[in-house]
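Okay, so here's the structure we're looking at.
Just follow the structure's listing: the first ligand is 1, and inside any ligand the first atom is 1. Heads up: numbering here begins at 1 and tracks the sequence. For the numbers below, each heavy atom of this structure counts, side chains included, while hydrogens, waters and symmetry mates do not.
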Amino acid sequence: MMTAMRVLGIETSCDETGVAIYDGQQGLLGQELYSQVKMHAEYGGVVPELASRDHIRKLLPLTQALLKKTKLKLQDIDAIAYTAGPGLIGALLVGAGFAKSLAYGLNIPCLPVHHLEAHLVAPLLDESVPNYPFLALLVSGGHTQLLAVKALGEYELLGETLDDAVGEAFDKTAKLMGLSYPGGPALAALALQGEPGVYRFPRPMTDRPGLDFSFSGLKTFALNTYNASTQDKKAKADIAYAFQEAVCETLLIKCKRALQQTSFKQLVVAGGVSANTHLRNQLQALMTKMGGQLFLPAKEYCTDNGAMVALLGYLKFEAQKNNTNLANLAIEVKARWPFS
Ligand code: KG4
Ligand code: ZN
């Protein structure tokens, strides 16, 4: 049973300040998002201390703008959920301190949530949602995992990266070719102009059994290929194309293997890299061929945002209704936090 509970979600784990309100009956009422990308671009990557300070500047005005946009008052909020980790510790502390104090002032419960779990539920913001159990592929800047999702909160890790995350590999490969931060979207855009077949990158760890990944070798392969090339626009685009193609095919091979192994018919893909158009198209083709169903977040909910946090908060509050232990004042954050 959906209830009318309204949850304010707060995301500050990295370089995006996100706030949103999710209503159990009406769905997402609104969200505000501020990206610090421009500020960090000057340094070629996220500067943690600058990120924390900017979250402090943006959190209050964004929340006020959200209330104005949704025509709600603070008193209309029934609970707060915030990202407690994993992420940059200072950045997490800003969101946690804000969430806890606001909840204390309003005398409402406050729930710390896991950032990856929030990514995982992002496709549920859509109209068509998967049924448990399903296979999930999480591809973000810090994580690459295949999970068997049996129920909300019941996750079995089937495979993960042994070194770089997919997003990280995109970012590092983009950087070595001199593309601007954040590299993932820049590399994907460049790949559109690439010519297929000029370069062939390996598909790491696909020739042996298992569901783990390794992406650091692809980045080195890209570096060597780039150094041996003319390093002009065309060479960069052809390398971007070959790199993206190799990453996507590697992910596809492992997804297919995991689907066969689990006999699941539904695949959920989430996290920043799920915004990648080539990956989305390839995954759709795979699922059509396998007679299964693919669930992807809308592009705006692939990368970090407050909406997925508000939704996860709502789902958790619904599941733990009788838990009275939710209003404690401790500021709970974890820079590292294993998921399953
Ligand atoms: O989920 P996310 O916003 O933050 C983390 O939790 O890490 O993911 C960010 C990552 C970055 O590495 C970024 O380069 C990558 O997702 N990314 C993309 C695309 N959009 C974002 N990678 C490839 N293609 C894209 N279109
Ligand atoms: Zn994220």
Of the N, O or S atoms in His119, the one nearest the Zn ion (ligand 2): NE2

Does any N or O of ligand 1 fall below 3.5 Å from an N or O anywhere on Gly184, backbone included? yes

Within the side chain of Glu11, is there an N or O that forms a donor-acceptor pair under 3.5 Å with the backbone of Ser13? yes

Report the part of His143 in contact with ligand 1, treating N, CA, C, O as backbone and CB onward as side chain, heavy atoms under 4.0 Å; options are side chain, backbone, both, neither. neither

Do Gln36 and Lys58 have side-chain N/O donor and acceptor atoms under 3.5 Å apart? no

Minimum-distance N/O/S atom that Asp304 presents toward the Zn ion (ligand 2): OD1

Look at atom CZ of Arg53 and say whether more than 12 heavy atoms of other residues, nucleotides or ligands are closer to it than 6.0 Å. no

Would you say Gly272 and ligand 1 have an N/O pair spaced under 3.5 Å apart? yes

Regarding ligand 1, does Asp304 bring an N or O atom to under 3.5 Å of one of the ligand's N or O atoms? yes

If the cut-off is 4.0 Å to any non-hydrogen atom of Gly142, which atoms of ligand 1 fall inside it? 7 (O)

With side chain to side chain donor-acceptor pair (under 3.5 Å) as the test, pick out the partner of Tyr155 among His114, Glu117, Lys150. Glu117

Are Phe134 and Tyr132 an aromatic pair, judged by ring center distance below 6.0 Å? yes

Examine distances only and state if a side-chain atom of Thr144 and a backbone atom of Thr161 form a donor-acceptor pair shorter than 3.5 Å. no

Can you find an N or O of Gly167 that's nearer than 3.5 Å to an N or O of ligand 1? yes

Atom 24 (N) of ligand 1 has as its nearest protein heavy atom Asn276 ND2, 3.0 Å

Of all the non-hydrogen atoms in the protein, which one sits nearest to atom 15 (C) of ligand 1, and at what distance? Val273 CG2, 4.0 Å

Checking only N/O/S atoms, does Cys14 have one that is under 2.8 Å from the Zn ion (ligand 2)? no

Any N/O of Gly141 closer than 3.5 Å to an N/O of ligand 1? yes

Could you tell me whether Phe201 and Tyr199 have their ring centroids closer than 6.0 angstrom? no

Can an N or O of Glu16 be found at a distance shorter than 3.5 Å from an N or O of ligand 1? no

Looking at Lys100 and Cys110, would you say the former's side chain and the latter's main chain have a donor-acceptor pair under 3.5 Å? no

Considering the heavy atoms of Thr303, write down every atom of ligand 1 situated less than 4.0 Å from one of them. 3 (O), 21 (C)

Heavy-atom neighbours of Lys299 NZ exceed 12 at 6.0 Å: yes

Checking Asn305 side chain against Thr303 main chain: does a donor-acceptor pair fall under 3.5 Å? yes

Close approach of Pro182 to ligand 1, heavy atoms, under 4.0 angstrom: no

Under 3.5 Å, is there a donor-acceptor pair linking the side chains of Ser216 and Asp164? no

What part of Asp171, side chain, backbone, both or neither, has a heavy atom within less than 4.0 angstrom of ligand 1? side chain

Within ligand 1, which atoms have a heavy atom of His115 less than 4.0 Å away? 6 (O)

